[in-house]
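For reference, the structure discussed in these notes is given below.
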Amino acid sequence: MTRTRRRFRWTIAATAAAAAAFGTMAAASPAGAADTSGGAVRVASVPLPPELEAVRAAEATRIYGDPAERPLAARRTGLISLGDSEISGEGVGTYEPPTNGPDNWCHRSPDAAIHRTGIPADLTFNVSCSGAYSGNIRIGGSKQYADELVQSDNLAVKARNTRIKMVLLVAGANDDLQFGPVMTDCVTRYLTLQGACEPKYAPGWQARVDGLVPKVEQTVRDLRTVMRDAGYADGDYKLVVMGYPSPIGPDFRDNPNFPGKLSCGGLGYDSDTVWGRNTAVPAFERGMRRAAANTGATYLDNSRLFHGHEVCMEDPWARGLYIDLSKPGTPDENSVRQSFHPNARGHAAFASCLTQLYSSGLREAGCADVDSAGTPTLFPLAWDDAYRPLRNEATGNCADVSGAASANGTAVLGWDCHGGRNQGWWYDSARRTLHTQLTQDRCVDVPGARYQAGTALILWNCSGAGNQKFVRDGATVRPAAATGLCLTQAAAKEPLRLQACNGSASQRFA
């Protein structure tokens, strides 16, 4: 008999309702005394099947000293993360036994984000596993390793033994997208001189994203069902779907200490790093956002979180290509798989964003290090909604990053409006900085703080310095340190320059 049928039978028996069906969105009927703590009537949890109940009882004994399932208000509080290698801790380098082989390669790290948030909780649980796809998480899914539970079963156990405050899901990369194998192929093609991987994968990339979205949606719905069967109302906890940051970008040569691609593990064609940052990850992010919106989950947009902290940058939050030469049979796939994943600093950044999100009350938010301070900041938006074109009233051109490049010193000019990412701009009103949509790490800059007529504007690494601060005054954009000067486009397809403010259409941007 299949696992799904066994679950169906015990759910029906426990609820004594012949019309109840496993997997519906309705809360389970009472199975025993109701928990009336906190003034609200709470349904007791649906009994687990015997094999899971044994796991639950053993865990309760470890936590409390006896196997009883306690009322919700009498339990210790908990946080839990489910999903794949992005959140398990793969890439950190230190892993909890027995998840570092030889029979289990989940690669769960004690430095994983769920263990490092500032969210008050007595216990934190990381049940994610490197390589997991939605079928390893969903109700009735498959185990990855013999000593692992299906992740939804693990949630069912922990939701009955603790009062879960947040369920974090990071999943989708190992479904249709196959992000890991794609990255591996891109590196292999670089090492074997086969040419860039973008032409191979770009044509079908959106179809891959479209294929994974319904699987992530059903995974979220299954997690809701698990929590309802455990006696929770939807408002008793926060269910967060977190997006994936891009681990790579094309601006590593701006690192003054760039040691070369081989040393820092940034092996790949430059054009592929551009495609990954500007196209592949944003498309994935939009898919994850759609899945969260369609299921009512809270969404954390981390697509820009590692901008400025990619592999080979000054303070990387992701690990580059990694090969453990101490292992026999090198290169060993279980060491190589740690490549291009968040390192300990990356997980600290995740933890900071999650902490801010939890206390914000927002249903959707974006997180990024907006001024290269090394500290992520949460904003009440998803990043693609933040960026707008700046159209010059006189020329009809849009402010444009020349050549869609984002290296330090790239010119900012006017160009025919086309809606590309190099024509999207976000004005951070709190910091008075103007960011290009290409990367959160590059701001409009007055080079050398030369506040004089004729100075051409450029992009530069966002630093919070005074020469990157601007004032939006009506339709004009002015340096905060010299408000008598305005950004000006004198003629079509000309650079944006500082000129004395004169009220002309060439100085107005809508």
Side-chain angles (χ1 to χ4, degrees), residues 81-84 86-87 113-114 117 119 166-173 177 179 205-206 209-210 212-213 216-217 219-220 238-249 276-310 317-318 341-342 346-371 375-388 421 424-431 433 435-442 462:
S81 59
L82 303 92
D84 56 31
E86 189 69 15
I87 201 63
I114 199 67
T117 75
I119 303 169
M166 182 177 72
V167 176
L168 171 64
L169 176 67
V170 186
L177 207 65
F179 201 83
W205 194 254
Q206 187 59 51
V209 172
D210 293 340
L212 71 88
V213 168
V216 175
E217 290 176 358
T219 302
V220 174
K238 189 181 293 290
L239 198 163
V240 177
V241 172
M242 189 180 90
Y244 295 69
S246 175
I248 58 172
R277 186 195 66 181
N278 294 352
T279 303
V281 169
F284 185 19
E285 197 67 31
R286 289 190 293 272
M288 296 297 289
R289 183 188 184 192
R290 189 162 79 244
N294 289 346
T295 56
T298 296
Y299 179 61
L300 177 58
D301 182 351
N302 274 347
S303 59
R304 294 174 170 269
L305 181 58
F306 287 9
H307 284 187
H309 297 284
E310 299 100 331
W317 289 357
H341 282 89
H347 276 272
F350 287 164
S352 175
C353 296
L354 289 165
T355 303
Q356 295 175 68
L357 177 67
Y358 186 85
S359 60
S360 72
L362 296 168
R363 292 298 299 269
E364 186 173 72
C367 204
D369 179 12
V370 291
D371 53 8
T375 305
T377 302
L378 191 79
F379 294 87
L381 47 81
W383 287 119
D384 274 356
D385 290 348
Y387 287 82
R388 297 287 185 273
R421 292 174 76 84
W425 302 93
W426 173 59
Y427 180 66
D428 182 352
S429 57
R431 294 162 186 79
T433 49
H435 300 250
T436 171
Q437 191 174 3
L438 293 171
T439 172
Q440 210 69 27
D441 186 46
R442 293 293 187 267
C462 299

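FYI, the numbering just counts along the sequence from 1.
Arg304 places a side-chain N or O within donor-acceptor distance of the main-chain N or O of Gln437, the cut-off being under 3.5 Å. Distance alone, capped at 3.5 Å, is enough to place a donor-acceptor pair between the Trp205 side chain and the Ala280 backbone. For the pair Thr117 (side chain) and Ala113 (backbone), a donor-acceptor distance under 3.5 Å is absent. In this structure a side-chain-to-backbone donor-acceptor pair under 3.5 Å is present from Ser360 to Leu357. Looking at Ser359, its side chain does come within 3.5 Å of a backbone N or O of Gln356 through a donor-acceptor pair. Judged by distance alone, with hydrogens and angles left aside, the side-chain atoms of Tyr244 form a donor-acceptor pair with the main-chain N or O of Ala171 at under 3.5 Å. For Glu285 (side chain) and Pro245 (main-chain N/O), no donor-acceptor pair under 3.5 Å exists by modelled atom type. Within the 3.5 Å criterion, the main-chain N or O of Ala351 finds a donor-acceptor partner in the side chain of Thr355.
Residue Trp425 holds its CH2 atom at 15.0 Å from CZ of Arg388, rounded to the nearest 0.5 Å. Put simply, CD on Gln440 and NE2 on His435 are 6.0 Å apart, with the number rounded to the nearest 0.5 Å. In this structure, Ser303 OG and Phe284 CZ are separated by 11.0 Å, a value rounded to the nearest 0.5 Å.
Taking the six-membered ring wherever Trp is involved, the centroid distance between the rings of Phe306 and His309 does not fall below 6.0 Å.
Of all heavy-atom pairs between Leu354 and Ile119, the closest is O-CD1, 3.9 Å. Here the closest non-hydrogen pair linking Glu310 and Gly308 is OE1-N, 2.9 Å. Closest of all the heavy-atom pairs between Cys353 and Asn302 is SG-OD1, 4.0 Å.
There is no side-chain donor-acceptor pair under 3.5 Å between Asp441 and Thr439.
Between Cys367 and Asp301 there is no side-chain heavy-atom pair separated by less than 4.5 Å. Taking 4.5 Å as the limit, every side-chain heavy atom of Asp369 sits out of range of all side-chain heavy atoms of Leu305. When side chains are defined from C-beta on, Glu86 counts as touching Pro342, because their heavy atoms get closer than 4.5 Å. Side chains of Thr295 and Leu239 form no contact here, defined as non-hydrogen atoms less than 4.5 Å apart. In this structure, Tyr299 and Arg363 have side chains that are not in contact, with every pair of non-hydrogen atoms separated by 4.5 Å or more. Residues His307 and Arg277 meet the side-chain proximity criterion, which asks for heavy atoms closer than 4.5 Å. Within the 4.5 Å cutoff, the side chain of Val167 has heavy atoms near those of the Leu82 side chain. Leu300 is not listed as a side-chain neighbour of Val241, based on a closest heavy-atom distance of 4.5 Å or more.
Relative orientation of the Tyr387 and Trp426 rings is tilted, given thresholds of 30° and 60° on the angle between their planes.
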Verdict with reasoning, Val170 to Asp84, per side chain to side chain contact (heavy atoms under 4.5 Å, CB included): CA-CA 6 Å; Val170 186; Asp84 56 31; 4.3 Å; yes

Criterion side chain to side chain contact (heavy atoms under 4.5 Å, CB included) on Leu362 and Thr298, from CA distance to verdict: CA-CA 7 Å; Leu362 296 168; Thr298 296; over 6 Å; no

Trace of the side chain to side chain contact (heavy atoms under 4.5 Å, CB included) decision for Phe379 with Asp428: CA-CA 10 Å; Phe379 294 87; Asp428 182 352; 4.1 Å; yes

Side chain to side chain contact (heavy atoms under 4.5 Å, CB included) assessment of Ile87 paired with Leu168: CA-CA 9 Å; Ile87 201 63; Leu168 171 64; 3.9 Å; yes

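Residues passing the salt bridge (charged side-chain N to carboxylate O under 4.0 Å, His left out) test with Asp384, sequence neighbours excluded: Arg286, Arg421. Taking Asp210 as the reference, Gln206, Arg290 meet the side-chain hydrogen bond (donor to acceptor under 3.5 Å, both in side chains) condition, with sequence neighbours excluded.
Look at Glu364 and Arg289 and you find a salt bridge, because one of the NZ, NE, NH1 or NH2 atoms lies within 4.0 Å of a carboxylate O, short of that distance.
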